[in-house]
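One structure is given below, encoded as structure tokens.
Worth saying up front: this structure is predicted, and the values here are computed from it rather than measured. In what follows, residues are counted from 1 in the order of the sequence shown. First listed ligand is number 1; within each ligand, the first listed atom is number 1.
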Amino acid sequence: MSLIVQKYGGSSVADADRIKNVARRVIRTKEQGNQVVVVASAMGETTDELIQLARQVADEPDDRELDLLLSTGEVVSCTLLTMALRSMGQKAISLTGAQAGIRTDSTYSKARITGISPKRISRELEKGQIVIVTGFQGVNDELDITTLGRGGSDTTAVALAISLAADRCEIYTDVDGVYITDPRLVPQARKLEEIGYEEMLEMASVGTRVLHPRAVELGWVYGMPIMVASSFNDSPGTLIRGGVPMEIRNKVSGIAHDFNMAKVTVIGVPDKPGIASAIFEALARANISVDTIVQNASINRITDLTFTVAKSDLNKAMEVIKPVAESIGARNCTSDATLGKVSIVGAGMQTAPGYAARMFKTLAENEINIELIATSEIRITCIIDGEKIPQAVQALHRAFEGYI
Ligand code: ADP
Ligand code: ASP
Ligand code: MG
């Protein structure tokens, strides 16, 4: 008998009919002779709606209260799915993150899992139950509820699969796999049969939201294969795994985009040791991840420092940075939330020159200005006007089609 962890995303459980559809799929897996643990996200746009509601009562909702509020979305979908399964004659039980033994640190809104004690899940499985666990949430040492960051149910599923030593982790969503690029922007994009963890992690980290980056990271570290497929049809999905042979490590395996970013510039910074550390330590203390960092060449020992953060972190970043900027004698601090980023990713790019030039030329031909450039060994990222992202992704897909 195999143990399978299946995760269903928000669009897969968006209404009562879709919840019943998921229930039927879960039953099919169980009737094939498997034990099944299901992780579900909140219904449809519930999480966005709850955030909006919170903002109607407070400009900056309290982190702890917001996490508790958001965690209710997953409680609704999971209890409804369990009721549907039970009314279809199955033995099923829903568990919250805390009941499922998911412990996290206390970084509200982007908590990290510190450990899972899956005893309760195992006990329920032994009784023949289908176990439904609320995605995206855990509990800290104070037993306060935390959430894992937007899209974090994927991470719940992979983490549970690892801690239960499951045979497979399946992520069901509204597309039937991982495509070269977002099929909503480029309908003719090709689906990948499989992709290595490293490339998938790069893609997820720069905006390919079909998988949460920490889910891929965990899968990679613990060698848990992850299948991404559709909950609406049975077409074969994309397998994310290690050891993808060199021959199929594509030069360009993906084109990713991300609207959720903002640029912060600290202007007129004295160019001397300790300045960057003062700024970035303050951001790190506030749990704000910084992405691309660029420091201009200094003129008369004065320079500008630019970096990007998630749009959702911008207000907090400015709050943190302003006093630091003042204390180090910087002239000013500005921000721009109208930007986005496009990236090309491919393990094979390391050994093939000319990819950056081709990317920049494509953007230039489309009259798209590049604000910042960042690279890793297997990725090139350009920060551009957010409104031009769809055009950029389509043009890059055309330019790199033959290299994919
Ligand atoms: P879920 O609610 O199931 O977690 P998400 O909205 O988080 O679903 O992720 C699925 C979406 O990811 C798709 O609808 C698609 O628009 C988007 N997406 C972005 N890039 C890709 C890609 N390269 N391949 C597949 N889907 C992608
Ligand atoms: N419901 C949460 C969100 O919308 C978590 C998830 O869907 O994975 O981000
Ligand atoms: Mg998702």
Side-chain angles (χ1 to χ4, degrees), residues 6-14 18 22 39-52 66-67 69-78 97 109-111 133-138 146-159 170-193 195 199-216 226 228-232 235 237-238 240 250 252-260 310 312 340-346 389-390 393-394 396-397 404:
Q6 297 188 328
K7 178 257 172 177
Y8 291 90
S11 47
S12 303
V13 292
R18 288 191 181 181
V22 167
V39 173
S41 295
M43 294 170 71
E45 311 298 319
T46 302
T47 308
D48 288 328
E49 287 159 14
L50 290 171
I51 292 173
Q52 275 164 21
L66 188 61
D67 270 20
L69 175 70
L70 298 192
S71 72
T72 62
E74 271 68 11
V75 173
V76 172
S77 55
C78 286
S109 87
K110 42 184 144 172
V133 180
T134 51
F136 173 60
Q137 58 177 263
T146 56
T147 66
L148 308 180
R150 298 305 307 271
S153 298
D154 297 337
T155 300
T156 306
V158 176
E170 303 172 342
I171 306 283
Y172 290 101
T173 180
D174 56 1
V175 280
D176 59 2
V178 180
Y179 284 69
I180 302 287
T181 192
D182 191 342
R184 292 188 204 287
L185 290 186
V186 183
Q188 69 275 26
R190 185 167 63 81
K191 184 166 79 182
L192 299 166
E193 237 170 76
I195 177 170
E199 290 172 299
M200 191 65 234
L201 180 57
E202 287 276 352
M203 281 173 68
S205 311
V206 289
T208 299
R209 77 160 194 275
V210 69
L211 264 186
H212 196 238
R214 292 224 309 281
V216 187
I226 305 169
V228 176
S230 168
S231 67
F232 301 117
S235 73
T238 301
I240 295 120
N250 301 305
V252 175
S253 54
I255 300 162
H257 70 279
D258 193 356
F259 293 100
N260 177 26
S312 43
K341 64 186 172 196
V342 276
S343 306
I344 57 172
V345 174
I389 295 266
V393 170
Q394 283 150 9
L396 289 169
H397 184 262
I404 289 168

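Of the N or O atoms in Gly149, none lie within a sub-3.5 Å distance of an N or O in ligand 2. When only interatomic distances are considered, the shortest N/O to N/O separation between Asp154 and ligand 2 does not fall below 3.5 Å.
Close to ligand 2: Gly151, with a non-hydrogen atom less than 4.0 angstrom away. Ligand 2 is approached by Glu74 to a heavy-atom distance shorter than 4.0 Å. Within the 4.0 Å heavy-atom cutoff, Gly152 counts among the residues contacting ligand 2.
Scored by the salt bridge (Lys or Arg N to Asp or Glu O under 4.0 Å) test, Asp182 finds no partners at all (sequence neighbours excluded).
Ordered by chain and residue number, the residues placing a heavy atom less than 4.0 Å from ligand 1 are Lys7, Gly9, Gly10, Thr173, Asp174, Val175, Gly177, Val178, Tyr179, Thr181, Asp182, Pro183, Arg184, Thr208, Arg209, Val210.
By the 4.5 Å heavy-atom criterion applied to side chains, Ser41 and Lys7 are counted as neighbours.
For Ser230 (side chain) and Phe232 (main-chain N/O), a donor-acceptor pair under 3.5 Å exists by modelled atom type.
Atom 7 (O) of ligand 2 has Ser41 OG, 3.2 Å as its closest protein atom, hydrogens excluded (heavy atom only). Regarding atom 3 (C) of ligand 2, its nearest protein heavy-atom neighbour is Arg150 NE, 3.3 Å.
Note: Asp176 CG to Lys191 NZ = 3.5 Å, rounded to the nearest 0.5 Å.
Here the rule is side-chain contact (heavy atoms from CB on, under 4.5 Å) with Ile240, and of Leu192, Val158, Leu201, Leu211 only Leu211 fits it.
Side-chain contact check for Ser253 and Glu199: at least one donor-acceptor pair (N or O, by modelled atom type) lies under 3.5 Å.
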Applying side-chain contact (heavy atoms from CB on, under 4.5 Å), run through Arg150 and Ile51 and close with a yes or a no. CA-CA 11 Å; Arg150 298 305 307 271; Ile51 292 173; 3.5 Å; yes
Show the numbers, then the answer: is there a side-chain hydrogen bond (donor to acceptor under 3.5 Å, both in side chains) between Asp67 and Thr146? CA-CA 5 Å; Asp67 270 20; Thr146 56; 5.3 Å; no
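Counted within 6.0 Å of CD on Glu45, heavy atoms from surrounding residues, nucleotides or ligands total 12 or fewer; the atom is thus considered open.
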